Trainee: 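The structure that follows is given in the form of C-alpha cells.
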Amino acid sequence: MHLRHDWSEKEPIRKGFGRGLLEAAKFNKNVVAACADLTESTQMHLFANEFPERFIEVGVAEQNLVTIGAGMAAMGKIPFVSSYAAFSPGRNWEQIRTTIALNDRPVKIIGSHAGVSVGPDGATHQMLEDIALMRTLPNMVVIAPCDSVEAEKATLAMAKDKHPNYMRLAREATTVFTSPHTPFEIGQGYVFRKGSDVTIVATGTMTFQALTAAKLLANKDISADVVHIPTIKPLDEEIILQSASKTRHVVTAEEAQIIGGLGGAVAELLGEKLPTSMIRIGIKDRFGESGEPEELLKHFGLDAEAIAKAAHKLLTDHTNHAH
Amino acid sequence: MDYSIKELESKANDIRVDIIRMLEHAGSGHSAGPLGLADIFTALYFKILKHDPKRPDWDERDILILSNGHCVPVRYAAMAHADYFPKTELLTLRQLGSRLQGHPERLRLPGMETTSGPLGSGLSQATGMALALKMDEIKGRSVYVVCSDGELDEGNSWEAAMLAAKYNPGNLIAIVDRNNIQIDGPTELVMPLENLRAKWEAFGWFVLEINGNDIEAIISAVEMAKAVTEKPVVIIAHTIPGKGVDFMEHDFHWHGKPPNREEAKKALHELRTLGGKIRSEHQ
C-alpha cells in the first residue's frame with residue numbers, strides 16, 4: 001500500500017485539504033470556494049489568496065454557506081464550502097438535505113475540526129455526529145481521510161466527482177504515514193496491514209491508531225488485518241466482508257459517535273451479510289469535554305491501546321466461549 | 001410570442017382554473033398562495049423570462065427559482081401552458097410516480113431549476129447562481145427568485161440578503177409575495193414583518209412595491225429592476241391570497257388546503273364567469 005516507514009512527521013489533516021483545493025483550482029477553473037468566517041482555520045486561505053475572484057466569504061452564516069454553494073453548483077461550478085463540522089453540517093443539515101442531496105448538486109462540504117481532538121474548545125465544538133448525519137443522506141459521499149497526504153488526494157478526487165460530497169477533517173497534527181503513492185479512490189477501502197486473527201476497520205484519525213494497535217498486538221502474537229475506510233459512504237463492503245470472513249472478529253475505530261458512524265455502518269453490513277463478533281471503538285452516546293487532545297483521546301478510549309485491548313478481548317472471549 | 005396585457009390576464013385566469021382543478025383532483029395542497037401568484041407567474045413565463053420550453057437547459061436562459069415550494073401548482077400550471085409538458089399531466093399532481101411532486105423536484109421535471117419546499121433557501125441559491133454568472137462575466141442572463149412573505153421568518157433569507165448586497169451580482173431580482181398570510185394566521189400576528197420595505201433597504205437592497213395582481217405593474221417593475229445595477233432589487237408584490245375565488249380571498253385558512261368537489265365547482269364557476277375580477281365586481 002506504499003505506506004511510509006518513517007512515522008516521525010506530523011501535520012494537521014486539514015492542511016492537505018488546503019493544498020488539494022489549490023491544486024484542484026489550478027486544474028479546473030470551475031472550482032470555487034466559500035467559507036463561513038474560518039478561512040485560515042479550514043485552510044481555505046491558500047485558495048482565497050490565489051483566486052480571490054473565485055472565493056466567497058459568507059460571514060458566520062452556515063445555512064447560507066451551503067445554499068450559496070448549491071446555487072453556484074447549479075451554474076456549473078464545483079463549490080467547496082468550509083466551516084467547522086459542528087456548524088456545517090451541524091447547523092445546516094436541512095439545507096444540505098434539500099438543496100444539495102435531494103437536488104444532487106456537486107457541492108463539496110468540508111467539515112473541519114471534527115472529533116474530540118479539537119481539545120480545549122469543549123463539547124460544543126467537538127463534532128461527533130457528522131458521520132451519522134451525512135451517511136443517512138441519499139446521493140451523499142462521506143469521506144474521512146487518515147492524514148494530510150490522503151486529504152490532498154481526496155480533495156482532488158472530490159473536485160472530479162459529480163455528486164455531493166462531505167469530508168471531515170481534524171484540527172490537530174496527525175502522523176503522516178501514507179505517501180503520494182498510496183492509492184486513493186472514492187468508495188475504496190484499503191488493507192493497510194495484512195493479518196489473520198482479527199480485523200480492525202478504521203477511518204480518519206483512528207487509522208493510524210489502528211496500525212499502531214496492530215503493532216502492539218503483534219507483540220502478543222496476534223495478527224491484525226487493518227482495513228482503512230476513507231470513504232464511509234459508499235462503504236467498500238467487499239473489503240470488509242473479505243477480511244471479516246477470514247478473521248471472524250472485527251473491531252471498528254473512529255473519532256465519532258459509534259451510533260450511526262463507521263461502527264454503525266460496519267455493524268449494519270455484518271449483521272445482514274456475515275454476523276461476526278465485534279467491538280466498536282468510538283464515542284459511546286455521550287458528548288465530549290474540554291481537555292488536551294492527547295488527554296481526551298486517552299480519556300475516551302480512542303487510542304492504540306484501547307483498540308488493541310478490544311481486539312484482545314474479542315479473541316479471549318471467543319476462546320473462553322469455545323471451551 | 002408577444003402577448004397583450006389583456007391576453008396575459010386571460011392566461012392568468014386559465015392558470016387559476018388549472019390550479020383549482022389540480023388541487024381538487026390531488027385532494028391536498030395549497031390553494032391561496034398559488035392563486036395569488038398566478039399573475040406573477042403568467043408575467044414571468046409569458047413576458048419576462050428569456051426561456052425556451054423545448055430546451056429547458058438552454059445555457060442562455062434566465063433562471064427562475066421558486067423558493068416557497070408549496071406554491072408550485074402555479075408554476076406547474078404556467079409551465080404546462082408554456083408547453084414544457086402536456087396540460088393533461090397537471091392532474092397527476094402529488095400522485096405516485098408523477099413528475100409533479102407535492103413540492104418541486106429538479107431531478108424529476110426538466111425546467112424546474114431547483115428542489116424546494118423547506119423555506120428560506122431560495123434567495124441564497126439564487127444569489128449563488130447570480131454570483132456564478134458574475135464570476136464568469138456572463139451578461140444578459142437574469143436570476144429571478146420568488147419568495148413568500150412568511151418565509152422571511154427564516155434566518156437563511158436574511159443571510160442571503162446580506163451576502164447579495166455585499167457582492168451585488170447585478171443580475172438578481174427577488175420578488176416577495178406579500179400576501180400577509182401564513183399557516184398559523186396573518187403574518188403580522190404570527191411574526192410581524194413590517195416595516196418590510198425598511199428591512200430590505202436596511203439590508204442594502206433597492207425596493208420596489210407593486211400590486212402583484214396587476215400584470216402591467218409586474219412587467220414594468222421588472223423592467224425598472226433591470227435598470228437598477230447599484231444594488232440587488234426586491235419587488236415587494238402585494239397580492240391577494242386566493243385571488244379570483246371569492247370565498248378564498250384573504251382567508252388564511254386556505255393557505256394549506258385544497259378545495260373539495262363542491263368548493264372547486266364554485267371556484268371554477270367564479271373564475272369562468274367573472275374571470276377572476278372579483279374586486280371590480282364588488283366595487
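Chain letters run A, B, ... following the sequence lines, proteins first, then strands; residues in each count from 1. All values below come from the heavy atoms of this structure, side chains included, with hydrogens, waters and symmetry mates left out. Just so it is clear, the structure is predicted and the values come from calculations on it, not from any experiment.
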Trainee: Give, for atom NE2 of B/H103 and atom CG of A/L102, the distance between the pair rounded to the nearest 0.5 Å.
Mentor: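 One gets 12.0 Å once the value is rounded to the nearest 0.5 Å.
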Trainee: Using heavy-atom distances under 4.5 Å, tell me whether A/F55 contacts chain B through its side chain, its backbone, both, or neither.
Mentor: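 It is the backbone, since no side chain atom gets that close.
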Trainee: Rounded to the nearest 0.5 Å, what separation is found between the CD atom of B/Q125 and the CD1 atom of A/I100?
Mentor: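 Going from CD on B/Q125 over to CD1 on A/I100, the span is 8.5 Å.
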Trainee: Hey, what do you get for CD1 (A/I68) to CG (B/L131), rounding to the nearest 0.5 Å?
Mentor: 6.0 Å
Trainee: Side chain from CB out, backbone as N, CA, C, O: work out which of these in A/E53 comes under 4.5 Å of a heavy atom of chain B, or both, or neither.
Mentor: backbone
Trainee: For residues B/E159 and A/N64, report the shortest heavy-atom separation together with the two atoms involved.
Mentor: OE1-N, 2.8 Å
Trainee: As an exercise, state the distance from CE of B/M135 to CG of A/N30, rounded to the nearest 0.5 Å.
Mentor: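 If we round to the nearest 0.5 Å, B/M135:CE and A/N30:CG are 10.5 Å apart.
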Trainee: Under 4.5 Å from any heavy atom of chain A, what part of B/K166 do you find: side chain, backbone, both or neither?
Mentor: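 Side chain only.
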Trainee: Between A/T98 and B/S116, what is the shortest heavy-atom contact and its length?
Mentor: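 That closest heavy-atom pairing would be CG2-CA, 4.4 Å.
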Trainee: I'd like to know if the side chain of A/K77 and the backbone of B/G128 have a donor-acceptor N/O pair within less than 3.5 Å.
Mentor: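 Checking the backbone N and O of B/G128 against the side chain of A/K77, no donor-acceptor pair under 3.5 Å is found.
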Trainee: Checking heavy atoms, do the side chain of B/R141, its backbone, both or neither come under 4.5 Å from chain A?
Mentor: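 Answer is side chain: those atoms of B/R141 sit under 4.5 Å from chain A.
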Trainee: When you compare the side chain of B/T115 with that of A/T99, does any pair of heavy atoms fall below 4.5 Å?
Mentor: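 Result no, sub-4.5 Å side-chain heavy-atom pair not found.
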Trainee: Can you find a heavy atom in the side chain of B/D136 that is under 4.5 Å from one in the side chain of A/M75?
Mentor: no
Trainee: Rounded to the nearest 0.5 Å, what separates atom CD in A/Q63 from atom CH2 in B/W158?
Mentor: 14.5 Å
Trainee: Using heavy-atom distances under 4.5 Å, tell me whether B/A160 contacts chain A through its side chain, its backbone, both, or neither.
Mentor: both
Trainee: Measure A/V58 against the heavy atoms of chain B and call it side chain, backbone, both or neither at under 4.5 Å.
Mentor: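 Both backbone and side chain.
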Trainee: Counting only non-hydrogen atoms closer than 4.5 Å, does B/I65 touch chain A with its backbone (N, CA, C, O), its side chain (CB onward), both, or neither?
Mentor: neither
Trainee: What do you reckon, is NZ of A/K160 surrounded by more than 12 foreign heavy atoms closer than 6.0 Å?
Mentor: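 No, because the 6.0 Å sphere around NZ of A/K160 holds 12 heavy atoms or fewer from other groups.
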Trainee: Supply the atom-to-atom distance A/E62 CD to B/N156 CG, rounded to the nearest 0.5 angstrom.
Mentor: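 Taking CD in A/E62 and CG in B/N156, the distance rounds to 10.5 Å.
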Trainee: Of the listed residues (B/L107, B/L123, B/I63, B/D59), which shares the most heavy-atom pairs with chain A below a 4.5 Å separation?
Mentor: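 Highest number of heavy-atom pairs under 4.5 Å: B/L107.
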Trainee: Please indicate whether A/E272 has more than 12 foreign heavy atoms, meaning atoms of other residues, nucleotides or ligands, lying under 6.0 Å from its CD.
Mentor: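 For A/E272, atom CD is not crowded (no more than 12 foreign heavy atoms under 6.0 Å).
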